[in-house]
Chemist: 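I have a structure I would like to understand better, so I am pasting it below and will then ask my questions one at a time.
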Amino acid sequence: MLWKLIYLLKAHFSPFNVFKYITFRATYALVTSLLVSLLFGPSIINWLKRLKVGQVIREYGPRTHLSKAGTPTMGGILIILAVMVSALVWFNLSNPLVLISVFTLLSFGLVGFVDDYIKVTKKNPEGIGAKTKFLSQVVLALVIAFFIVKSLGPDATVLQIPFFKRLHPDLGWFYIPFAAFVIVATSNAVNITDGLDGLAIVPFALCMAAYGLIAYLAGHVKFASYLNIMYIPYCGELTVVAAAFVGASIGFLWFNAHPAEVFMGDTGSLSIGATLGAVALMTKHELLLPILGGVFVLETVSVILQVLYYRLTGGKRIFKMAPIHHHYEQEGLPESKIIVRFWIVSLIFVLIGLSTLKIR
Ligand code: 57M
């Protein structure tokens with residue numbers, strides 16, 4: 001927002017004209033959130049340690065995780081702070097799509113925060129309880145979905161199908177529950193993936209970077225028409241939002257890299273996941289999300305299959321443990337190897353996802 005004040009001075013000093021460009025603001029939104037997270041990381045981690053919000057480790061999990069007991073959680077506060085500082089300087093806060101992203105981050109961040117706070121202060125691994133958590137997510141997601149439809153206008157309920165140029169089904173009012181599902185599912189998928197150091201944040205940053213690029217293309221009349229994708233007026237501003245998330249994620253990774261000094265907690269995973277879902281919807285490339293976020297899908301599917309198989313067979317398992325990253329840990333693979341391999345797989349998914357912009 002502060003950029004607008006400087007931009008107003010362009011009449012007196014023409015180089016300030018550069019502040020209107022999305023690419024310029026996106027670059028500095030990334031730099032700002034990265035620097036904020038690097039600068040404030042140590043003090044937030046010390047503050048979390050003083051609050052004694054150390055992680056409670058499940059006893060039936062991989063033995064290697066027991067040494068992680070006491071690692072401060074709720075590091076998502078650092079991600080949210082970094083994005084919000086960047087937002088105050090570089091976001092166009094009069095753009096409804098940008099406001100929806102900020103609302104999604106803060107509202108899901110609050111749900112995660114309350115959940116984490118109860119978990120760590122009451123030493124109760126259930127937090128606010130699965131039902132209350134899910135219900136809060138659904139209600140918030142429905143509100144967000146409604147505002148997305150209201151802001152995007154008549155094309156909001158139309159879908160673009162990856163690989164198909166001319167297939168554009170219109171979901172009508174059914175789009176709102178569908179969009180809410182996308183937000184809740186992404187939020188929980190990132191949460192499930194967040195079980196090893198740096199495992200969730202890198203695929204998240206890669207997906208956000210991809211959506212930053214997509215937002216830029218979809219918000220530009222010429223690029224959108226060249227690529228034969230839906231033109232979404234004003235959605236280019238989401239590039240600045242996505243860039244701020246990428247910067248905050250890299251900054252968070254500095255501290256969350258193995259061996260982690262902090263975990264993001266539900267404060268981080270629920271909020272960044274929900275915002276990723278909302279950004280996917282607002283760029284009208286929501287069906288690309290299962291490809292770009294393939295790692296999140298694999299992790300979630302591994303849990304669904306494990307639980308179903310476990311129930312159907314009365315106690316047998318497909319994986320040694322779900323989500324799938326625990327399976328590889330139980331197989332004896334070192335944590336750092338699993339993490340880096342999941343990052344590589346995530347990069348492959350993102351590249352395949354982006355290639356669909358041309359392969360239609
Ligand atoms: C939260 N939370 C991590 C940290 C992080 C249905 C079921 C599969 C759900 C799943 C689950 O509860 N998932 C959601 C996963 C936890 O991390 C905290 O939670 C936050 C994210 N919400 O930010 O605060 C632990 O993960 C480790 N961790 C790291 N580095 C990080 O950067 O090492 C996290 C972040 C931390 C730390 O050890 O304590 C979690 O895994 O609990 N449940 C599970 O994942 C459990 N799986 C299970 O029960 N599987 C069964 C099923 C489904 C039949 C099976 O396969 O038999 C596993 N969780 C753990 N151990 N910890 C079981 C083994």
Side-chain angles (χ1 to χ4, degrees), residues 18 20-30 90-92 95-98 100-101 104 145 148-172 175 178-179 182-183 185-186 203-247 249 275-297 345-360:
V18 75
K20 83 170 179 212
Y21 293 108
I22 285 172
T23 43
F24 176 79
R25 280 185 289 117
T27 307
Y28 283 94
L30 190 155
W90 301 109
F91 288 11
N92 182 355
N95 178 310
L97 305 184
V98 173
I100 292 172
S101 318
T104 310
I148 291 177
V149 171
K150 226 169 121 48
S151 309
L152 288 183
D155 282 344
T157 56
V158 174
L159 293 179
Q160 303 185 89
I161 316 267
F163 301 109
F164 293 91
K165 205 181 275 181
R166 279 176 249 285
L167 203 57
H168 290 146
D170 188 344
L171 298 189
Y175 185 82
F178 165 77
V182 171
I183 294 170
T186 317
F204 167 77
L206 290 172
C207 287
M208 263 300 183
Y211 273 114
L213 174 66
I214 292 170
Y216 188 74
L217 299 171
H220 194 291
V221 184
K222 285 191 184 150
F223 289 139
S225 117
Y226 170 70
L227 288 169
N228 225 312
I229 57 176
M230 237 186 229
Y231 166 60
I232 324 279
Y234 313 117
C235 119
E237 285 293 333
L238 290 178
T239 306
V240 186
V241 175
F245 273 93
V246 174
S249 304
T275 316
L276 177 63
V279 168
L281 293 161
M282 290 187 284
T283 56
K284 294 304 308 157
H285 275 81
E286 52 278 77
L287 294 184
L288 207 53
L289 188 51
I291 304 179
L292 295 171
V295 161
F296 301 127
V297 175
V345 172
S346 176
L347 179 66
I348 296 171
F349 275 121
V350 167
L351 293 176
I352 294 172
L354 286 178
S355 74
T356 67
L357 292 177
K358 269 314 262 177
I359 309 168
R360 278 155 187 263

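A quick note: this is a predicted structure, and the numbers were derived from the prediction, not measured. Throughout, numbering of the chain's residues begins at 1 and tracks the sequence.
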Chemist: State which residues pass ring pair (Phe, Tyr, Trp, His ring centres under 6.0 Å) with Phe164; sequence neighbours excluded, sorted by chain then number.
Modeler: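 With neighbours one apart ignored, the set is empty.
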Chemist: Per the salt bridge (Lys or Arg N to Asp or Glu O under 4.0 Å) rule, what does the pair list look like for residues 229-243, sequence neighbours excluded?
Modeler: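 Only Arg25-Glu237 qualify under salt bridge (Lys or Arg N to Asp or Glu O under 4.0 Å).
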Chemist: Excluding sequence neighbours, so at least two apart, what forms side-chain contact (heavy atoms from CB on, under 4.5 Å) with Leu152?
Modeler: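 With sequence neighbours excluded, Leu152 shows a side-chain contact (heavy atoms from CB on, under 4.5 Å) to Leu97, Ile148, Ala156, Ile232, Lys284, given in chain and number order.
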Chemist: Using the test side chain to side chain donor-acceptor pair (under 3.5 Å), find all partners of Asn92 that sit at least two apart in sequence or belong to another chain.
Modeler: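 In terms of side chain to side chain donor-acceptor pair (under 3.5 Å), with neighbours along the sequence ignored, Asn92 is linked to Lys4, Ser94.
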Chemist: Sequence neighbours left out, what passes side-chain contact (heavy atoms from CB on, under 4.5 Å) with Phe163? Give chain and number order.
Modeler: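 Partners of Phe163 under the side-chain contact (heavy atoms from CB on, under 4.5 Å) test: Ile291, Thr356, Ile359.
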Chemist: Sort and list the pairs that fulfil salt bridge (Lys or Arg N to Asp or Glu O under 4.0 Å) and have at least one residue in residues 208-227, not counting sequence neighbours.
Modeler: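 Every pair satisfying salt bridge (Lys or Arg N to Asp or Glu O under 4.0 Å) with a residue in residues 208-227: there are none.
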Chemist: Among all residues two or more places apart in sequence or in another chain, which pass the side-chain contact (heavy atoms from CB on, under 4.5 Å) test with Ala205?
Modeler: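 side-chain contact (heavy atoms from CB on, under 4.5 Å) list for Ala205, sorted by chain: Ser249.
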Chemist: Can you tell me which residue pairs pass the side chain to side chain donor-acceptor pair (under 3.5 Å) test with a partner in residues 149-161, sequence neighbours excluded?
Modeler: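 Qualifying pairs: Thr157-Asp170.
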Chemist: Output all residues satisfying side-chain contact (heavy atoms from CB on, under 4.5 Å) with Leu171, sequence neighbours left out; order by chain, then residue number.
Modeler: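 Partners of Leu171 under the side-chain contact (heavy atoms from CB on, under 4.5 Å) test: Leu159, Phe174, Tyr175, Phe178.
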Chemist: Using side-chain contact (heavy atoms from CB on, under 4.5 Å), reason through Ile229 and Arg360 one step at a time and then give a plain yes or no.
Modeler: CA-CA 10 Å; Ile229 57 176; Arg360 278 155 187 263; 3.3 Å; yes
Chemist: Applying ring pair (Phe, Tyr, Trp, His ring centres under 6.0 Å), name anything that partners Tyr28, two or more places apart in sequence or on another chain.
Modeler: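 Testing Tyr28 for ring pair (Phe, Tyr, Trp, His ring centres under 6.0 Å), a comparison that skips the adjacent residues, returns Phe24, Trp90.
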Chemist: Answer whether the closest heavy-atom distance between the side chains of Val279 and Cys207 falls below 4.5 Å.
Modeler: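 Side-chain contact under 4.5 Å: no.
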Chemist: Go through the steps for Val297 and Phe349 under the test side-chain contact (heavy atoms from CB on, under 4.5 Å), then give the verdict.
Modeler: CA-CA 11 Å; Val297 175; Phe349 275 121; over 6 Å; no
Chemist: Nearest 0.5 angstrom please: Thr283 OG1 to Leu288 CG, how far?
Modeler: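 So the OG1 of Thr283 and the CG of Leu288 are separated by 8.0 Å.
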Chemist: Could you work out, with side chain to side chain donor-acceptor pair (under 3.5 Å) as the rule, every residue matching Tyr226, not counting sequence neighbours?
Modeler: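 Partners of Tyr226 under the side chain to side chain donor-acceptor pair (under 3.5 Å) test: Lys358.
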